[in-house]
K.L.:
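Quick one: the structure is below, and I'll ask about it shortly.
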Amino acid sequence: MLKSIGCGEVRAEHAGAQVTLAGWVHRRRDHGGLIFLDLRDSTGLVQVVAFPEDAGFATAESVRSEYVVQVQGEVARRKEGTENADLPTGEIEVRVASLRVLNEAETPPFPVNQDTEVAESTRLRYRYLDLRRERMQRNIRLRHRVVHLIRNFMSSRDFIEVETPVLGLATPEGARDYLVPSRVHPGSFYALPQSPQQWKQLLMVAGVDRYFQIARCYRDEDLRADRQPEFTQLDLEMAFVEQEDILRLTEDLYQHLAAEVGGFTVPAEFPRLTYAECMERFGSDKPDLRYGMEITDLTNDVRGTEFQVFTRVIEDGGRIRAIAVQGGADISRRGLDALTEVARENGASGLVWVQFTGEGPLDGITADDIKTPVSRFFSPEDLAGLGAACGAKRGDLLLIAAGADAMTSRVLDVLRRQLAEERGLADPDTLSFLFVTEFPMFEYDEDHERWSAVHHLFTSPFTDDLGIVESDPGAVRSHAYDLVCNGQEVASGSIRIHSRDVQMSVLRALGLSMDEAMLKFGHMLEAFTYGAPPHGGIAPGIDRTVALFARERDIREVIAFPKTKTASDLLMGAPAAVTAEQLKEVHVDLNAAAREHLAKQASEDEVEA
RNA sequence: GGCCCCGUGGUGUAGAGGCCUAACACGCCACCCUGUCACGGUGGAGAUCGUCGGUUCGAAUCCGAUCGGGGUCGCCA
């Protein structure tokens, strides 16, 4: 080894010892007559000091930020009064006996030694330097730790890790596939897995009754802060289980992770809410439970009133729903207009607000203490009643949306989240986990005029609903469940269908013909005829999980080499054109549009060069 | 695919028709400095304002296109 100890590991107890250090020059402080170097490696920072009489002094004068150097010297206690309490190594310093430059370094394109804001594209272009910075070092090390904890936990529960192919078969359902052309089979393509779903179910049939895998998944869809074209899941599956077994295992895992990582408040027991309950109380299937503002149904409270905006909606089968915003009476007229605009953008024709000023309960509140555009239609008593129904006090704001459930849910969910954000209601140190259960089996796809699976087509419908799978798909409940945390879906799973007949019925409900079903899923249907055990599983997103524990909002911050929004790799320059020879080998011809695009790109590159 | 935001020395920002021969901080370079730790001091170099085109007597600034990055809706079983 080129070093005898890590920079960050040197302590007062080493005083007097000879050490060899190697690392990057974090910072140089040249006082003319003496030079300090902060030397950095993965273990931390240590101060190296060189005096003019030291052999390494001339070299110390010449080194620059990010030079890679090796230092030999004696550990010494710092002079009294010069200790640095902010550094674990702050009691000591290393007096240079020799200093060797292992490699020089260009001035980096952005500061490596401080956590300054840098354009993300620049960070990605020089990711190897970005990763050298403290924040990213912390994140990728946390990621390792979390994955390590997961592997140990799964092993301790008798799961075995099995690798499954990356080159597989395209499926007609779900996300767009990444395709890989076959050289050996002209005109045929592999698809990269959207998840190892089918493989893990086949492993269940194979008698591997407790499987897991840290699996890379690929989906060719547009990206977001929490979505990458390739991402990592803890994929797991168990045979002979019921939903409760999977949920308990998942909760145990996350309790374990939270306890080991530390620093977060986590519910003692993860609440379980049905999908219907979530939509009713929060308007979302991934509610943030760190704050209140639950939705209240006011339909019956306003049924007989004069206000036709409400009564007409009720006649049309809609409902009147509201949230109470604690302390919201101080929101300005302009702020209220902005909230109304948000409601409109999400499909509402308007938003009724009521502000209760003053303090204390709403009983006996007078018109003077109520601000609302609908005062003509409601008495102060009526409005107080509505407020009380939502749990409001004086000083609070009531926001009322009227219309179809889908719209009012969306509007109140968006408002709830926005207000929580604006008013800082979400505790950053709380991880508010919950399970959402009883997802509907199907949803209607307006664009393609057919039913599609909400979770996926291997999800088991409720036994009680098997009779209506094909006659009334919209009413079928499924054994699909999510783990949700702080308004984000972190895991998703289900109990699977293990019967060929049920699977065929679901495929028919999705509008797949027998021929198509056999072509795309014949292998699954066949496997199910050979004694498939009842089974189920879940797939927590590793990127999102690590981001939660790292307090990062963007999963790109916990991925070593992420892609941009347009799925390109700024460091390597992928994707890129390949040679005509390579295309020929895989029997691929580019169409005119693709050729034109490449030509244009090439000419732009020339201009730059 | 729609909508929105951003693009100015190496980095982060300011500049919003003529005051710009583009400002500030950090960084960089040189010199000075024996106890700093975001060391300090003095001096200096460095951007034609993403690209292309247009409007104008005049464009970093206005308009259009385009490229790149980001957000969001669709999409993501």
Side-chain angles (χ1 to χ4, degrees), chain A residues 26-39 45-54 57 61 64-66 78-87 89-90 93 106-126 129-130 171-177 194-195 197-198 217-229 231 342 345-347 410 414 439 441-443 445-448 451-459 478 480 489 492-494 506 510 539 541 553-554 556 563-566 568 570 597 600-601 603-605 607-608:
Chain A
H26 188 69
R27 216 180 287 277
R28 186 176 68 108
R29 288 180 295 281
D30 185 346
H31 287 244
L34 87 167
I35 297 174
F36 298 103
L37 298 179
D38 288 340
L39 196 63
L45 280 181
V46 68
Q47 175 166 284
V48 171
V49 61
F51 289 89
E53 59 270 30
D54 294 334
F57 188 77
E61 278 185 308
R64 294 292 180 269
S65 283
E66 301 309 312
R78 293 197 190 181
K79 275 190 186 171
E80 210 173 318
T82 66
E83 300 92 344
N84 184 349
D86 297 334
L87 240 51
T89 59
E93 62 194 3
E106 294 291 326
T107 302
F110 51 81
V112 172
N113 57 15
Q114 50 177 288
D115 186 27
T116 49
E117 283 290 312
V118 178
E120 204 179 348
S121 51
T122 309
R123 293 174 56 200
L124 293 180
R125 166 80 180 75
Y126 300 96
L129 294 178
D130 189 36
T171 49
E173 287 281 311
R176 199 174 292 119
D177 288 309
Q194 295 173 28
S195 80
Q197 184 61 37
Q198 295 189 36
C217 308
Y218 307 85
R219 295 179 188 175
D220 189 2
E221 296 291 347
D222 286 350
L223 308 180
R224 290 283 194 288
D226 60 354
R227 291 195 328 228
Q228 281 274 301
F231 60 98
V342 168
E345 282 163 8
N346 285 280
R410 186 171 58 243
V414 170
F439 274 83
M441 181 72 199
F442 303 102
E443 65 192 342
D445 179 345
E446 302 281 352
D447 291 344
H448 299 93
W451 291 93
S452 68
V454 169
H455 182 59
H456 60 54
L457 51 76
F458 303 109
T459 302
S478 75
E489 176 195 318
S492 191
S494 63
V506 166
L510 292 170
R553 167 178 290 255
D554 190 327
R556 289 186 297 254
K563 295 195 167 44
T564 68
K565 203 189 137 132
T566 52
S568 23
L570 259 27
H597 187 79
K600 205 169 125 195
Q601 244 178 10
S603 71
E604 271 162 16
D605 289 350
V607 170
E608 274 173 41

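In what follows, every chain begins at residue 1, and chains take the letters A, B, ... in the order their sequences are listed.
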K.L.:
Applying the Watson-Crick and G-U wobble criteria at under 3.5 Å, what pairs with C62(B)? Answer none if nothing qualifies.
P.N.:
G54(B)
K.L.:
Give one of base, sugar-phosphate or nothing for Asp30(A), where a contact means two heavy atoms less than 4.0 Å apart.
P.N.:
base
K.L.:
From the options U34(B), C37(B), G69(B), select the nucleotide whose nearest atom is closest to the side chain of Ser121(A).
P.N.:
G69(B)
K.L.:
Could you identify the nucleotide paired to G68(B), looking across every strand shown and requiring Watson-Crick or G-U wobble geometry with both distances under 3.5 Å?
P.N.:
C6(B)
K.L.:
Select base, sugar-phosphate, or nothing to describe what Arg64(A) touches, counting heavy atoms under 4.0 Å on all strands.
P.N.:
sugar-phosphate
K.L.:
Main chain of Lys563(A), side chain of Gln228(A): is a donor-acceptor contact present, judged purely on distance under 3.5 Å?
P.N.:
yes
K.L.:
Going by salt bridge (Lys or Arg N to Asp or Glu O under 4.0 Å), name the residues that satisfy it together with Asp554(A), two or more places apart in sequence or in a different chain.
P.N.:
Arg556(A)
K.L.:
Any side-chain N or O of Arg27(A) under 4.0 Å from OP1/OP2 of U36(B)?
P.N.:
no
K.L.:
Categorize Glu93(A) for me: base, sugar-phosphate, or nothing, with a 4.0 angstrom heavy-atom threshold over every strand shown.
P.N.:
base
K.L.:
Give a yes/no answer on whether the side chain of Arg29(A) brings an N or O atom under 4.0 Å of OP1 or OP2 in U36(B).
P.N.:
no
K.L.:
Could you check how far CD1 of Ile35(A) sits from C1' of C37(B), rounded to whole Å?
P.N.:
15 Å
K.L.:
With the side chain of Arg78(A) defined as its heavy atoms from C-beta on, choose the nearest nucleotide among C67(B), C76(B), U36(B).
P.N.:
U36(B)
K.L.:
Could you check whether His31(A) and the base of U36(B) form a stacked pair, meaning centres closer than 5.5 Å and planes differing by less than 30°?
P.N.:
no
K.L.:
Hey, does the side chain of Arg219(A) reach the backbone of Gln194(A) with a donor-acceptor pair shorter than 3.5 angstrom?
P.N.:
yes
K.L.:
Counting the atoms with a prime plus P, OP1 and OP2 as sugar-phosphate, which does Gln197(A) contact under 4.0 Å by heavy atoms, base, sugar-phosphate, or nothing?
P.N.:
base
K.L.:
If we ignore hydrogens and angles and just use 3.5 Å, is the side chain of Arg28(A) paired with the main-chain N or O of Arg64(A) as donor and acceptor?
P.N.:
no
K.L.:
Using the side-chain heavy atoms of Arg224(A), tell me which of these nucleotides is nearest: C76(B), G74(B), U34(B).
P.N.:
G74(B)
K.L.:
Judged by atom type as modelled, is there a donor-acceptor pair below 3.5 Å linking the side chain of Arg224(A) to the main-chain atoms of Lys565(A)?
P.N.:
no
K.L.:
With both distances under 3.5 angstrom, what nucleotide forms a Watson-Crick or G-U wobble pair with G27(B)?
P.N.:
none
K.L.:
Below 4.5 Å, heavy atoms only, C-beta onward: do Arg123(A) and Leu129(A) meet side chain to side chain?
P.N.:
no
K.L.:
May I ask you to verify whether the side chain of Asn84(A) and the base of C37(B) hold a donor-acceptor pair under 3.5 Å?
P.N.:
yes
K.L.:
Quick check: does any side chain N or O of Asn113(A) sit under 3.5 Å from a backbone N or O of His26(A), one acting as donor and the other as acceptor?
P.N.:
yes
K.L.:
How close or far is atom C1' of U51(B) from atom NZ of Lys600(A), stated in whole angstroms?
P.N.:
12 Å
K.L.:
Just to be sure I understand the rule, does Ser568(A) reach a base, reach only the sugar-phosphate, or reach nothing, if contact means heavy atoms closer than 4.0 Å?
P.N.:
sugar-phosphate
K.L.:
Using whole Å, what does the distance between atom C1' of nucleotide C75(B) and atom CD of Gln194(A) come to?
P.N.:
12 Å
K.L.:
Quick one: Glu61(A) CD to C29(B) P, roughly how many Å, whole number?
P.N.:
13 Å
K.L.:
Salt bridge or not between Arg78(A) and Glu83(A)? Use side-chain N to carboxylate O under 4.0 Å.
P.N.:
no
K.L.:
Describe the nucleic acid contact of Arg556(A) in one word from base, sugar-phosphate, nothing, applying a heavy-atom distance below 4.0 Å.
P.N.:
sugar-phosphate
K.L.:
For residues Asn84(A) and Gln47(A), is any side-chain donor paired with an opposing acceptor at under 3.5 Å?
P.N.:
no
K.L.:
Whole Å only: how far is the CG atom of Asp38(A) from the P atom of G35(B)?
P.N.:
17 Å
K.L.:
Using a cut-off of under 3.5 Å, enumerate the N/O to N/O pairs linking the protein to nucleotides 43-46 of chain B.
P.N.:
none

K.L.:
For a quick check, tell me whether the side chain of Arg227(A) and the base of C75(B) share a donor-acceptor pair closer than 3.5 Å.
P.N.:
yes
K.L.:
Of His456(A) and Phe51(A), whose closest RNA chain B nucleotide lies nearer the 5' terminus?
P.N.:
Phe51(A)
K.L.:
Got a salt bridge between Asp222(A) and Arg227(A), using NZ or NE/NH1/NH2 to carboxylate O under 4.0 Å?
P.N.:
no
K.L.:
Under 4.0 Å between any heavy atoms, over every strand shown, what does Thr82(A) touch: base, sugar-phosphate, or nothing? Just pick one.
P.N.:
base
K.L.:
Quick one: label Val454(A) by what it contacts on the DNA or RNA (base, sugar-phosphate, nothing), any heavy atom closer than 4.0 Å.
P.N.:
sugar-phosphate
K.L.:
So Glu83(A), base contact, sugar-phosphate only, or nothing? Heavy-atom distance under 4.0 Å.
P.N.:
base
K.L.:
Just to be sure I understand the rule, does Leu570(A) reach a base, reach only the sugar-phosphate, or reach nothing, if contact means heavy atoms closer than 4.0 Å?
P.N.:
sugar-phosphate
K.L.:
For nucleotides 6-13 of chain B, which of its nitrogen or oxygen atoms have a protein nitrogen or oxygen under 3.5 Å away, and what is each distance?
P.N.:
unit_1: G10(B); atom_1: O2'; unit_2: Pro109(A); atom_2: O; d: 2.5
unit_1: U11(B); atom_1: O4'; unit_2: Pro109(A); atom_2: O; d: 3.4
unit_1: G12(B); atom_1: OP1; unit_2: Ala119(A); atom_2: N; d: 2.6

K.L.:
NE2 of His597(A): more than 12 outside heavy atoms within 6.0 angstrom?
P.N.:
no
K.L.:
Taking the minimum atom-to-atom distance to the side chain of Lys565(A), which one of U72(B), C76(B), G35(B) wins?
P.N.:
U72(B)
K.L.:
Which is true for Thr459(A) with a 4.0 Å heavy-atom rule: it touches a base, it touches only sugar-phosphate, or it touches nothing?
P.N.:
nothing
K.L.:
For residues Leu570(A) and Thr564(A), determine if any side-chain heavy atom of one lies less than 4.5 Å from a side-chain heavy atom of the other.
P.N.:
yes
